[in-house]
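Inspection log for the structure reproduced underneath, given as structure tokens.
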Amino acid sequence: MNTPLSKIPPLQSGDRLSRREFEHRYAADPHVKKAELIEGIVYVASPLRFEFHAEPHSNLNGWLTIYRTFTPGCRLGDAPTLRLDSDNEPQPDLVLFIEQKFGGRVAITSDGYLAGSPELVVEVAASSAAIDSGEKKRVYRRNGVQEYIIWLSYEKRIDWFQLVEGEYQLMQPDEAGIIRSNVFPGLWLNVNALLNDNMIAVLETVQEGIRSPEHKAFVESRQ
């Protein structure tokens with residue numbers, strides 16, 4: 001027998017729940033716009049500030065949208081619910097993943113969620129900096145997320161990690177200030193331009209990456 005909605009406890013930060021109970025309460029609470037289960041603990045998101053979260057999120061989305069548009073076999077998602085394991089169901093700001101038919105590890109479940117580990121996860125960390133840089137980072141590493149980007153908006157810093165032998169290593173910009181993805185050939189990021197809201201330079205750089213020989217080979221391998 002189903003529990004009446006009025007009898008279902010509200011979802012609150014700090015609750016320790018199974019993933020099943022987390023989803024049950026989340027679905028029943030129309031007032032919660034974003035909540036995550038990290039290591040069995042519930043985190044309900046606070047209201048988001050424009051300059052420290054919404055705008056950086058939008059700029060990252062624009063950068064990744066350009067790449068995804070010219071890269072068949074990849075899919076991009078904005079704030080999807082992600083079923084990683086029995087204790088973790090985050091809702092990352094952005095995910096970019098390779099379709100399963102091309103070797104990716106993410107599946108879309110029968111009820112429309114993502115299950116598995118995307119190749120790239122992106123988080124904008126303002127008030128949630130400790131979670132994104134701590135518990136969530138460990139969860140993504142343990143579940144095999146190959147690359148992880150954190151934009152620390154208060155600190156005006158972008159950290160891009162790659163998974164190497166089970167551990168995250170920080171990727172460094174080259175002499176031109178560009179970081180290049182090892183998982184997605186041609187996904188190039190002009191870090192200083194992004195931090196300084198120079199989106200023209202950001203998009204010019206990723207378009208240059210899309211024209212590179214390595215991106216062309218990546219695309220041709222999926223045809």
Side-chain angles (χ1 to χ4, degrees), residues 50-80 92-106 114 117-126 132-133 137 140-141 144-164 167-223:
F50 180 80
E51 290 184 336
F52 289 110
H53 196 283
E55 190 172 42
H57 184 145
S58 178
N59 288 343
L60 285 165
N61 199 355
W63 167 63
L64 288 173
T65 296
I66 294 295
Y67 182 82
R68 181 259 177 269
T69 300
F70 291 93
T71 313
C74 296
R75 300 188 72 171
L76 173 66
D78 186 319
D93 289 313
L94 294 159
V95 300
L96 182 68
F97 62 92
I98 298 170
E99 293 182 88
Q100 281 190 314
K101 63 183 178 180
F102 298 117
R105 297 182 298 165
V106 172
L114 294 183
S117 299
E119 281 69 30
L120 174 65
V121 168
V122 180
E123 298 277 14
V124 177
D132 293 328
S133 298
K137 181 182 172 185
Y140 291 143
R141 175 188 58 77
V145 173
Q146 297 298 301
E147 295 187 349
Y148 179 36
I149 297 173
I150 313 174
W151 185 338
L152 298 157
S153 56
Y154 281 112
E155 294 89 342
K156 293 202 70 173
R157 190 177 89 229
I158 294 172
D159 289 343
W160 190 334
F161 299 94
Q162 62 176 332
L163 194 63
V164 179
E167 298 293 336
Y168 275 143
Q169 293 184 2
L170 188 64
M171 299 170 66
Q172 300 295 337
D174 63 14
E175 294 180 355
I178 296 171
I179 298 179
R180 293 170 168 82
S181 171
N182 289 311
V183 176
F184 294 98
L187 182 59
W188 296 1
L189 178 62
N190 186 324
V191 177
N192 287 332
L194 185 61
L195 289 173
N196 289 288
D197 199 29
N198 184 355
M199 287 304 294
I200 292 177
V202 171
L203 299 184
E204 286 177 345
T205 298
V206 74
Q207 287 171 342
E208 184 180 355
I210 290 167
R211 293 192 295 269
S212 68
E214 54 265 39
H215 182 265
K216 180 180 179 182
F218 186 59
V219 170
E220 289 178 350
S221 71
R222 280 149 174 74
Q223 294 176 344

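Keep in mind that the numbers below use all heavy atoms, side chains included, and drop hydrogens, waters and symmetry copies. All values derive from a computational prediction rather than experimental measurement.
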Side chains of Tyr140 and Glu123, donor plus acceptor under 3.5 Å: yes
Please lay out, stage by stage, how Arg141 and Leu163 fare under the test side-chain contact (heavy atoms from CB on, under 4.5 Å). CA-CA 7 Å; Arg141 175 188 58 77; Leu163 194 63; 3.7 Å; yes
Hey, what do you get for SG (Cys74) to CZ (Arg222), rounding to the nearest 0.5 Å? 6.0 Å
Are more than 12 heavy atoms, taken from residues, nucleotides or ligands other than Arg75, located less than 6.0 Å from that residue's CZ atom? no
Look only at the side chain of Arg105 and the backbone of Gly144, and say whether a donor-acceptor pair between them is shorter than 3.5 Å. yes
CZ of Phe97 to CD of Gln146, rounded to nearest 0.5 Å, is 15.0 Å
Taking the six-membered ring of Phe161 (Phe, Tyr or Trp), confirm whether the NZ or CZ of Lys137 is under 6.0 Å from its centre and within 45° of its axis. yes
Show me, pair by pair, the donor-acceptor contacts under 3.5 angstrom made by side chains of residues 54-67, not counting sequence neighbours?
residue : atom : partner : partner atom : Å
His57   : NE2  : Asp78   : OD1          : 3.2
His57   : NE2  : Asp78   : OD2          : 3.3
His57   : NE2  : Asp93   : O            : 3.4
Asn59   : ND2  : Asp197  : OD1          : 3.2
Asn61   : OD1  : Thr65   : OG1          : 3.3
Asn61   : ND2  : Asp78   : OD2          : 3.1
Trp63   : NE1  : Trp188  : O            : 2.9
Thr65   : OG1  : Asn61   : O            : 2.7
Tyr67   : OH   : Pro185  : O            : 2.8

Do other residues, nucleotides or ligands put more than 12 heavy atoms under 6.0 Å from the CD1 atom of Ile200? no
Could you go step by step and tell me if Phe184 and Leu96 meet the side-chain contact (heavy atoms from CB on, under 4.5 Å) rule? CA-CA 9 Å; Phe184 294 98; Leu96 182 68; 3.8 Å; yes
Value rounded to 0.5 Å, distance of CG in Leu194 from CG in Leu189: 5.5 Å
Test your reading of the model: is there a side-chain donor-acceptor pair from Glu147 to the backbone of Glu119, 3.5 Å cut-off? no
Roughly how far apart are Asp159 CG and Tyr168 OH, rounded to 0.5 Å? 12.5 Å
Apply side chain to side chain donor-acceptor pair (under 3.5 Å) to Ser117 and list each qualifying residue two or more places apart in sequence or on a separate chain. none
Near Glu220 CD, under 6.0 Å, is it more than 12 heavy atoms from other residues, nucleotides or ligands? yes
What distance do Met171 atom CE and Gln169 atom CD have between them, rounded to the nearest 0.5 Å? 10.0 Å
Within the 4.5 Å heavy-atom criterion, are Pro72 and Val219 side-chain neighbours or not? yes
CH2 on Trp160 to CG on Asn182, rounded to 0.5 Å: 8.5 Å
Pairwise side-chain contact, Ile149 with Leu120, heavy-atom cut-off 4.5 Å (strictly under): yes
If you draw a 6.0 Å radius around CZ in Phe52, do more than 12 non-hydrogen atoms from other residues or ligands fall strictly inside? yes
What I'd like to find out is whether the side chain of Val95 reaches to under 4.5 Å of the side chain of Leu114, using heavy atoms alone. yes
Can you find a side-chain donor-acceptor pair between Thr71 and His215 that sits under 3.5 Å? yes
Any donor-acceptor N/O pair, Asn196 side chain to Asn198 backbone, under 3.5 Å: no
Minimum heavy-atom separation for Ile178 to Thr205, with atom names? CD1-CG2, 3.8 Å
Scanning both residues in full, the closest heavy-atom pair of Ser212 with Gly209 reads OG-O, 2.6 Å
